[in-house]
There are 2 protein chains.
Amino acid sequence: MDLMPAPDSPSAAPHGTTLPAEDPLALEAQVCFALVVAARSVLGIYRPILEPMGLTHPQYLVMLALWQQAPLSVKDLSSLLQLDPGTLSPLLKRLESAGLVTRERSTSDERLLSVNLTAKGVELRNEAAKIPAEVVAKLGMPLTEIKQVHTALLQVIAAAGQA
Amino acid sequence: MDLMPAPDSPSAAPHGTTLPAEDPLALEAQVCFALVVAARSVLGIYRPILEPMGLTHPQYLVMLALWQQAPLSVKDLSSLLQLDPGTLSPLLKRLESAGLVTRERSTSDERLLSVNLTAKGVELRNEAAKIPAEVVAKLGMPLTEIKQVHTALLQVIAAAGQA
DNA sequence: CACCAATGATTGGTGCACAAACCATTGGTA
DNA sequence: TACCAATGGTTTGTGCACCAATCATTGGTG
């Protein structure tokens with residue numbers, strides 16, 4: 001038996017859908033909770049797809065950035081991916097030891113680290129090409145809705161960027 | 001100077017808005033990227049608000065769950081928050097040493113851990129009451145749009161739950 | 001009653017994520 | 001030219017997040 005009355009009866013909610021959300025501190029009322037859970041859920045879809053390629057999702061994002069444009073400095077990647085340099089530093093070392101990227105100081109400015117793709121790294125793009133469609137298929141949501149979510153999220157990012 | 005041509009000219013994009021997204025591997029085309037960045041951005045809004053209360057966002061979510069209903073077992077929290085028990089276990093110990101919750105085995109079933117609020121934990125709810133409004137204000141997005149994002153995210157969660 | 005598969009939680013390992021401290025290089029400027 | 005603030009990365013420390021392995025308790029079943 002369970003420890004508590006019943007997880008699905010906050011007080012007198014009519015049904016599964018959260019209509020009134022009278023309590024601002026109710027878990028179902030938290031947009032950020034939905035945001036975090038959605039992110040984790042979708043990452044969970046990527047995981048088994050990326051794992052055979054030897055990539056985590058953050059690493060995949062770095063590769064996407066480099067496939068679009070290389071070389072890039074840590075600072076470039078940091079601003080493109082909105083990630084802390086302190087996060088990228090070890091991540092890039094792992095990509096290097098996986099043989100996907102090279103890390104060398106820029107000759108013109110020794111402060112900059114020039115991150116570039118290896119042949120193997122370039123090659124991997126062919127395999128990655130099928131990922132987006134695979135994820136969309138697994139998610140099983142109509143493309144129009146996905147697009148809507150995307151633009152909505154961009155608004156959230158823009159709004160949060162102001163604050 | 002920079003290492004690369006220019007971060008803002010993938011090839012011939014008209015302007016800031018991403019219209020065609022011809023390349024499925026383009027960073028701007030990745031919904032999951034937007035999802036992850038949005039989540040991180042909004043968490044960044046919560047951080048300075050929660051920090052003076054001594055809470056991280058995951059800890060805040062656990063408190064929200066307990067304020068709605070207590071006691072809860074680790075399993076209950078795990079299913080409510082969609083979090084691994086292995087993640088919750090040390091998190092709950094930190095909440096315990098912060099004096100906000102108690103952790104004791106259930107008397108009826110020694111396998112279950114009964115997580116309950118302390119007086120201090122109950123008390124904290126008063127302070128937390130102002131958080132949602134504060135976050136919404138900082139985000140500066142109209143409430144209707146926020147609601148829309150919320151329902152859209154619930155759809156994503158539901159879709160990802162199938163897969 | 002004695003075993004045993006299932007359940008619930010903890011532990012250990014890897015990899016983000018962020019903040020703060022630190023370090024090297026650079027490009028002014030006194 | 002000799003200093004010095006700014007810039008770009010790395011390191012360290014804390015806290016998720018997930019997985020796999022482990023362990024104790026429980027509730028059947030032979």
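Numbered from 1 within each chain, the chains take letters A, B, ... in sequence-line order.
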Item checked: Under-4.0 Å salt bridge between A:Glu96 and A:Arg103 -> yes
Next item on the list: Figure out the CD/C1' separation between A:Glu110 and C:dT26, and round it to whole Å.
Entry: 11 Å
Checklist line | Backbone of A:Ala26 reached by a side-chain donor or acceptor of A:Gln30 within 3.5 Å | finding: yes
Checklist line | Among D:dC16, D:dA6, C:dG8, the one nearest A:Arg111 by side-chain distance | finding: D:dA6
Next item on the list: Just jot down the salt bridge (Lys or Arg N to Asp or Glu O under 4.0 Å) partners of A:Arg111, sequence neighbours excluded, or say none.
Entry: A:Asp109
Report all side-chain donor-acceptor pairs from residues 41-63 of chain A shorter than 3.5 Å, counting only partners two or more places apart or in another chain.
residue : atom : partner : partner atom : Å
A:Ser41 : OG   : A:Val37 : O            : 2.7
A:Thr56 : OG1  : A:Gln59 : N            : 3.3
A:Gln59 : OE1  : A:Thr56 : N            : 3.2

Check: Contact class for B:Leu88 vs. all strands (heavy atom < 4.0 Å): base, sugar-phosphate, or nothing?
Finding: nothing
Item checked: Residues A:Gln68, B:Glu28; criterion side chain to side chain donor-acceptor pair (under 3.5 Å); working and verdict -> CA-CA 11 Å; A:Gln68 263 184 299; B:Glu28 319 82 54; 3.0 Å; yes
Notebook entry, point to check: side-chain contact (heavy atoms from CB on, under 4.5 Å) with B:Ala34: which residues, sequence neighbours excluded?
Noted result: A:His150, A:Leu153, A:Leu154, A:Ile157
Next item on the list: Spell out, as yes or no, whether a donor-acceptor pair under 3.5 Å connects the side chain of A:Lys120 to the backbone of A:Ala98.
Entry: yes
Next item on the list: Could you check which of C:dA9, C:dT26, D:dA17 has an atom nearest any side-chain atom of A:Asp109?
Entry: C:dT26
Next item on the list: Mind calculating the distance between CG (B:Leu112) and P (C:dA6) to the nearest angstrom?
Entry: 18 Å
Checklist line | Under 3.5 Å donor-acceptor, B:Ser106 side chain and B:Ser114 backbone | finding: no
Item checked: Neighbours of DNA chain D within residues 31-46 of chain B, by heavy-atom distance under 4.0 Å -> none
Check: Is it the case that one hydrophobic cluster holds both B:Val36 and B:Leu83, taking links as side-chain heavy atoms less than 4.5 Å apart, direct or via other members?
Finding: no
Checklist line | Selected nucleotide, minimal atom distance to B:Arg94 side chain, candidates D:dG9, C:dT10, D:dG15 | finding: D:dG15
Next item on the list: Check whether any side-chain heavy atom of B:Val156 lies under 4.5 Å from a side-chain heavy atom of A:Met141, and answer yes or no.
Entry: yes
Note to self: Under a 3.5 Å distance rule, please check whether A:Arg40 uses its side chain to pair with a backbone N or O of B:Gln82 as donor and acceptor.
What the structure shows: yes
Item checked: Nearest-Å distance for atom pair CD/C1', residues B:Gln82 and D:dC19 -> 17 Å
Notebook entry, point to check: In whole angstroms, how far is the P atom of C:dC18 from the CG atom of A:Leu81?
Noted result: 12 Å
Checklist line | Protein-nucleotide distance (A:Glu104, atom CD; D:dG9, atom P), rounded to Å | finding: 13 Å
Item checked: OP1 or OP2 of C:dG15 under 4.0 Å from side-chain N/O of A:Lys93 -> no
Margin query: Distance check needed: C:dT11 P versus B:Leu92 CG, whole Å only.
Written below: 12 Å
Next item on the list: Measure from the side-chain heavy atoms of B:Thr87 and tell me the nearest of C:dC16, C:dT25, D:dC16.
Entry: D:dC16
Item checked: Check: A:Trp67 side chain, A:Gly121 main-chain N or O, donor-acceptor pair, under 3.5 Å -> yes
Notebook entry, point to check: Picking from D:dT10, C:dG8, D:dG8, which would you name as closest to the side chain of A:Lys75?
Noted result: D:dG8
Margin query: Can you tell me if A:Ser89 touches the phosphate of D:dT10, counting only side-chain N or O atoms and a distance under 4.0 Å to OP1 or OP2?
Written below: yes
Notebook entry, point to check: Just how large is the angle between the end axes of the helix from C:dC1-D:dG30 to C:dA30-D:dT1, five pairs per end, to 10 degrees?
Noted result: 20°
Item checked: Whole-Å distance separating the CG atom of A:Asp84 from the C1' atom of C:dC18 -> 6 Å
Next item on the list: With DNA chain D as reference, determine whether A:Arg47 or A:Arg105 sits nearer its 5' end, using the nearest nucleotide of each.
Entry: A:Arg105
Item checked: Contact list for DNA chain D against residues 51-65 of chain B - heavy-atom distance below 4.0 Å -> B:Thr56, B:Pro58, B:Gln59
Next item on the list: Nearest whole angstrom, please: distance from the P of D:dT10 to the CG of A:Leu83.
Entry: 14 Å
